[in-house]
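Accompanying notes for the structure given below.
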Amino acid sequence: MDDPRERPVPGEEADPDRPAGTPAGPRADPTTPGGGPEPPVPPAADRRSAAAEPSATGQPAADRHSAAARPPATARPPAAGAHPEARGAPGGRSRWAVFKDSPFFPAAVLVVILAAAAGLFAGSYTYVMANPTPHHVPTAVVGASDSPRGKAFVRGMEEALDASLELREYATYAQAKRAVDEQRVFAVLYVHQPVGGRPGGAGDRVELDVSGASGASVAEIFATAGPRVGARVGVPVTVRDLNPLQRGDPRGLAIFYISLAAVIIGFVGAIQLSVHARALNPAERIGFTAAYALLGGFAIAAVVDWLLDALHLPFVESWLILALTLFASGMVFTMFNTLFGRWAMLPTWGLMVLLGNPSSGGAVSWPLLPSVLGHIGRWLPPGASVNAQHTAVYFGGHQHAFPFLVLAGWAVVASTVFWVWRHRHPGGRAAPAPSDAPAA
C-alpha cells in the first residue's frame, strides 16, 4: 500500500533524484543570477486558502500582495528640462499649447475683438458727428465782393463759422449756380452794389444762396450764421435754398442709409456664401455675388421709393449704383478671406464700416469732416456710393464718372486678387476624378 505522504501534492512535479519520504526542498533556479535557491512555494491547498483568507480590512491576501506590488498612483514627474507649465498638462504639453489648440482660444480672441470693434464703431461715428465743424467750405462769390461791406461780411462769416471760406469768384450768377449744380461749391454769396455807391442805399444787400441737397448740415450752418453776421455789419441778408431736400428726406440721411445697407449686406452676403455654400468654385462664387447684388439693389430701391415713398429715385440708375456697391463690398470681403482666412472680417469691418461709412459724406457733409477723412472717404466704396447716389437723386444732369470708377476699381481689384490666389480661399470643391473605364 502506498504511503499517502509519498504522493506528490497536486501542482508539484516529482523529483526523481529526491529520496522517497524526503520533503521537497528548494531547488536551484537556473534563471536566477548565481543560481541561488528559489523561495519555498507553499502547497497548493495552502496557497488557495491564503489567497481566500480575508484580512482585517476584508481584502483577500492575494489582492494585498498584488496591490503591494503595484507602484503608487502618483503623477509622473516632468522630464528633465521640461517647462514648469508642463506639470499637470496631458502629454507633457504646456497649458498654453493645450488652450491654443482648444475651441476656447478663437472664442476668447473673438470676445476681445468684438469688444474693441464696438468701442471703435461708436467712437468713429461720435468723433465725426458729435460736433461737425466747417474747415474749408468752397463758396461762390458774385458781385461786389471786394467792397467794404462785402469784405466785412466775408470776415464775419469766417469768424462765425470758425473756418475759412474758400472763395471762388464768378462773373455771373448763372455761372455760380452751375457750379452749385456740379457740386463744386456749396453756397453762393451774391453781394449787390448799392445804388450810387452809397452804403445803406437802395440795392445794398447780400443774397446768401445755400444748397440743402449739396449738404444739409452745411446749408443749415450757413443759413443760421448769415443773418446774424448781416445784422452785425449792417447789411441785410436774404437766405434762399437753391436745391431743397425731398419731403421724405428732411435731414438728407436717406441716401446715407440706403448706401449703408448696400455696403453691409454686400459683405454679409459674401460671409454667408462662405459659410453655407463653401463648395462653390471661384467663378460660381463671383457669379452668385453678382446675383445677390443685383437682386438686393433692386429690393433696396423698390422699398425706399415704391413702398415707403421716402425718396423719388431715378430707379434704374439708383438700382445699378446699389448693385455695384453690393458687389464691390462682397468681393472686398472675398478678397480678404482669400488673404487672411477666418480673420477676414477684421480688415473688412475696419475698411468699410469704421473708416468708410463715417467718412462717406452721407451723414455729415465733407466740408464738415476732418480734412483727412474728407479726402479719404471719396476713394472708398461707401463714399463713392453716397456720392454717386446723391448726384443721381438731386443733380441728375451733372453726374460724375469718378464715383463709378472708384466702385468699379474696388470690384475689379478685389475680384482679381481673389481669382489669382483662389487656391488659398477656404472653399471650392475638388474636380471629379477621371473615369478609369476604357473608352468605347
Side-chain angles (χ1 to χ4, degrees), residues 177-178 180-184 211-216 219 241-270 272-273 286-332 352 356-357 360-366 377-378 380-412 414-415:
K177 175 67 167 58
R178 182 177 179 83
V180 172
D181 292 338
E182 293 177 351
Q183 301 179 75
R184 290 185 280 117
S211 177
S214 301
D241 194 343
L242 299 177
N243 299 295
L245 295 166
Q246 295 186 17
R247 179 180 55 85
D249 185 25
R251 301 297 300 171
L253 295 176
I255 291 176
F256 171 69
Y257 290 142
I258 64 176
S259 300
L260 177 64
V263 168
I264 293 181
I265 297 301
F267 66 74
V268 168
Q272 295 305 307
L273 284 182
I286 294 176
F288 275 93
T289 302
Y292 78 69
L294 285 170
L295 190 58
F298 180 87
I300 294 174
V303 168
V304 171
D305 191 348
W306 299 346
L307 183 61
L308 300 178
D309 195 26
L311 281 177
H312 297 290
L313 303 174
F315 194 85
V316 175
E317 185 177 3
S318 293
W319 171 20
L320 294 180
I321 293 171
L322 291 169
L324 185 55
T325 304
L326 281 155
F327 181 76
S329 180
M331 291 311 302
V332 164
M352 307 296 280
N357 282 325
S360 65
V364 176
S365 301
W366 279 319
R378 305 167 192 259
L380 299 178
S385 180
V386 169
N387 192 358
Q389 198 71 253
H390 182 263
T391 304
V393 174
Y394 289 108
F395 305 96
H398 304 276
Q399 184 63 270
H400 304 287
F402 177 73
F404 293 92
L405 294 176
V406 171
L407 288 172
W410 278 97
V412 170
S415 300

query: How far apart are the C-alpha atoms of Gln272 and Tyr292, what are their side-chain angles, what is the distance that settles it, and do they pass the side chain to side chain contact (heavy atoms under 4.5 Å, CB included) test?
result: CA-CA 11 Å; Gln272 295 305 307; Tyr292 78 69; over 6 Å; no

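- For the pair Ser365 and Gly215, the tightest heavy-atom approach, listed with the atom from each and the gap, is OG-CA, 3.0 Å.
- For the atom pair OG1 (Thr391) and NE2 (His398), the distance works out to 10.0 Å, reported to the nearest 0.5 Å.
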- request: Could you please spell out the steps behind the side chain to side chain contact (heavy atoms under 4.5 Å, CB included) verdict for Leu311 and Tyr257?
  value: CA-CA 12 Å; Leu311 281 177; Tyr257 290 142; over 6 Å; no

task: List the steps and the verdict of side chain to side chain contact (heavy atoms under 4.5 Å, CB included) for Gln389 and Leu322.
output: CA-CA 8 Å; Gln389 198 71 253; Leu322 291 169; 3.7 Å; yes

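- Side-chain atoms of Trp319 never come within 3.5 Å of backbone atoms of Ile300 as a donor-acceptor pair (strictly under, hydrogens ignored).
- Other residues, nucleotides and ligands place more than 12 heavy atoms under 6.0 Å from the CZ atom of Arg378.
- Shown here is Arg251, whose CZ atom has no more than 12 heavy atoms of other residues, nucleotides or ligands within 6.0 Å.
- Judged by distance alone, the side chain of His400 and the main-chain N or O of Glu182 form a donor-acceptor pair under 3.5 Å.
- Within a 6.0 Å radius of CZ in Phe395, more than 12 heavy atoms belonging to other residues, nucleotides or ligands are found.
- With values rounded to the nearest 0.5 angstrom, Asn357 atom CG is found 9.5 Å from Leu380 atom CG.
- Ring geometry for Trp306 versus Phe315: interplanar angle under 30°, hence parallel rather than tilted (30 to 60°).
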task: Could you go through the side chain to side chain contact (heavy atoms under 4.5 Å, CB included) check for Lys177 and Leu242 one step at a time?
output: CA-CA 8 Å; Lys177 175 67 167 58; Leu242 299 177; 3.7 Å; yes

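- Minimum interatomic distance between Pro382 and Met352 (heavy atoms only, all atoms of both residues): CG-O, 3.5 Å.
- A donor-acceptor pair under 3.5 Å links the side-chain atoms of Thr325 to the main chain of Ile321, judged by distance alone.
- Under the side-chain contact (heavy atoms from CB on, under 4.5 Å) test applied with Val393, the options Ile255, Leu245, Asp249 reduce to a single match, Ile255.
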